[in-house]
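Each residue takes its place number in the sequence, starting with 1. These figures come from a predicted structure and were not determined experimentally.
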Amino acid sequence: MTADTRPLALVTGASRGLGLAIARELAPSHRLLLGGRPSPELDAVVAGFDGATAFPADLTDHAEVCELAAPIDRLDVLVHNAGLGRIGRIEDTPAVDWRDMFEVNLLSVVELTKSLLPALRAAGGHVVLINSGAGKRANPGWAAYAASKFGLSAFAEALRAEEPELRVTSVFPGRIDTEMQRDIFAAEGRDYSTEGLLRPETVAAAVAHAVATPGDAHPTEVVLRPR
């Protein structure tokens, strides 16, 4: 049997939505580690990809993440897709919501990246951070979420400067047709509509294109807005 020598990619939040779409785009060219909370849903997704392996972790449990990352000695692509979005005006947003979004959208990204830096360095790897249009502009009702995504932008810039052998790409999509978006529409008191939303497959294709960019170029930012 010939060993699978394809590069290795870890995608977080891969159980559904954009993460699953990214996994599908990368599957033809990469071996996959699919991240998500331990669940039958994650197991079923992993089973659907030839040779894929689960990375079953609550990303806010940094000790667990470090333990899972330790055996990985070489990682070519790390896609930080897992995220949390809650809306609310500043005066109405409790501290717990700020903490939760910073924990998931920023701190878990920092800790997972730190745990995998040796493996990324060994491969001269590529870190892709799924940011948001909110990481470029903070609108009313989105202060906490936008602040976490602005922080993610700063982290990307610092990582790029500190680790010049790695490629670091921030992807800034507009609203995407996912389960998370349905929850946001409900919180906004609106009926769900896909009009003006990006398709997950479209954003995933942009991620795969950035990953496939030849090594003489560094795709630092990808901005996608609905037409």
Side-chain angles (χ1 to χ4, degrees), residues 10-22 35-39 41-42 55-66 68 78-115 127-159 170-194 196-198 200 203 207 221 223-226:
L10 168 57
V11 181
T12 67
S15 295
R16 61 179 187 168
L18 179 57
L20 179 55
I22 292 171
R37 293 178 182 270
S39 67
E41 183 180 24
L42 177 62
F55 190 88
D58 174 352
L59 293 178
T60 64
D61 185 336
H62 304 313
E64 179 185 20
V65 166
C66 186
L68 274 175
L78 171 59
V79 181
H80 289 289
N81 167 72
L84 175 65
R86 294 176 186 161
I87 63 171
R89 297 183 64 84
I90 292 170
E91 65 177 332
D92 300 321
T93 304
V96 65
D97 282 1
W98 286 80
R99 291 192 188 100
D100 286 350
M101 280 185 274
F102 269 80
E103 182 69 43
V104 174
N105 297 340
L106 181 57
L107 293 179
S108 67
V109 171
V110 173
E111 291 301 310
L112 179 58
T113 304
K114 285 167 57 179
S115 296
V127 180
V128 179
L129 302 110
I130 304 301
N131 203 296
S132 167
K136 291 284 189 181
R137 178 180 177 180
N139 290 315
W142 291 92
Y145 179 72
S148 71
K149 290 298 190 178
F150 268 72
L152 188 62
S153 297
F155 172 71
E157 291 185 11
L159 181 64
S170 289
V171 180
F172 297 89
R175 290 192 172 198
I176 307 169
D177 177 19
T178 62
E179 292 89 340
M180 176 179 167
Q181 198 61 234
R182 290 180 180 274
D183 294 339
I184 291 172
F185 267 65
E188 292 173 331
R190 295 198 289 151
D191 292 333
Y192 192 73
S193 171
T194 60
L197 301 183
L198 293 164
V203 181
V207 171
E221 292 191 358
V223 180
L224 298 171
R225 296 177 180 173

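Rounded to the nearest 0.5 Å, atoms CZ (Arg37) and CG (Asp61) are 9.5 Å apart. Annotation: the span from Lys136 atom NZ to Arg225 atom CZ amounts to 9.0 Å, rounded to 0.5 Å. Taken to the nearest 0.5 Å, the CD1 atom of Ile22 stands 4.0 Å off from the CD1 atom of Ile130. Taking CG from Leu152 and CZ from Phe172, the interatomic distance works out to 7.5 Å, rounded to the nearest 0.5 Å. Remark: Ser108 OG to His62 NE2 distance equals 7.0 Å, nearest 0.5 Å. Glu64 CD to Asp58 CG: the interatomic distance, rounded to the nearest 0.5 Å, is 6.5 Å.
Atom CG of Asp191 sits in a sparse spot, with 12 or fewer heavy atoms from other residues, nucleotides or ligands closer than 6.0 Å.
Here the shortest heavy-atom pairing between Val109 and Thr113 reads O-OG1, 2.7 Å. Looking at every heavy atom in both residues, Pro226 comes nearest to Gly174 through CD-CA, 4.2 Å. Ser153 approaches Asn131 most closely through the heavy-atom pair OG-ND2, 3.2 Å. Contact between Gly88 and Thr93 at its shortest, heavy atoms only, is O-OG1, 3.0 Å. A pairwise comparison of heavy atoms in Ala82 and Leu59 identifies CB-CD1, 3.8 Å as the closest pair. Residues Leu197 and Ser193 come closest through the heavy atom pair CD1-O, 3.3 Å.
Of the possible polar contacts, one joining the Thr12 side chain to the Asn81 backbone as a donor-acceptor pair under 3.5 Å is found. For the pair Asn105 (side chain) and Leu84 (backbone), a donor-acceptor distance under 3.5 Å is present.
Asp177 and Tyr192 are linked by a side-chain donor-acceptor pair at a separation below 3.5 angstrom, with hydrogens and angles left out of the test.
The side chain to side chain donor-acceptor pair (under 3.5 Å) check on Arg16 picks up nothing, with sequence neighbours excluded. With sequence neighbours left out, the salt bridge (charged side-chain N to carboxylate O under 4.0 Å, His left out) criterion links Asp97 to Arg86.
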Evaluate the criterion side chain to side chain contact (heavy atoms under 4.5 Å, CB included) for residue pair Phe55 and Leu112; output intermediate values, then yes/no. CA-CA 12 Å; Phe55 190 88; Leu112 179 58; 4.0 Å; yes
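Put simply, the side chain of His80 reaches to within 4.5 Å of the side chain of Val127, judged on heavy atoms. No side-chain heavy atom of Leu18 sits less than 4.5 Å from a side-chain heavy atom of Val207. Put simply, the side chain of Glu111 does not reach to within 4.5 Å of the side chain of Val65, judged on heavy atoms. Residues Leu68 and Pro56 are in side-chain contact: their nearest non-hydrogen atoms beyond the backbone lie under 4.5 Å apart.
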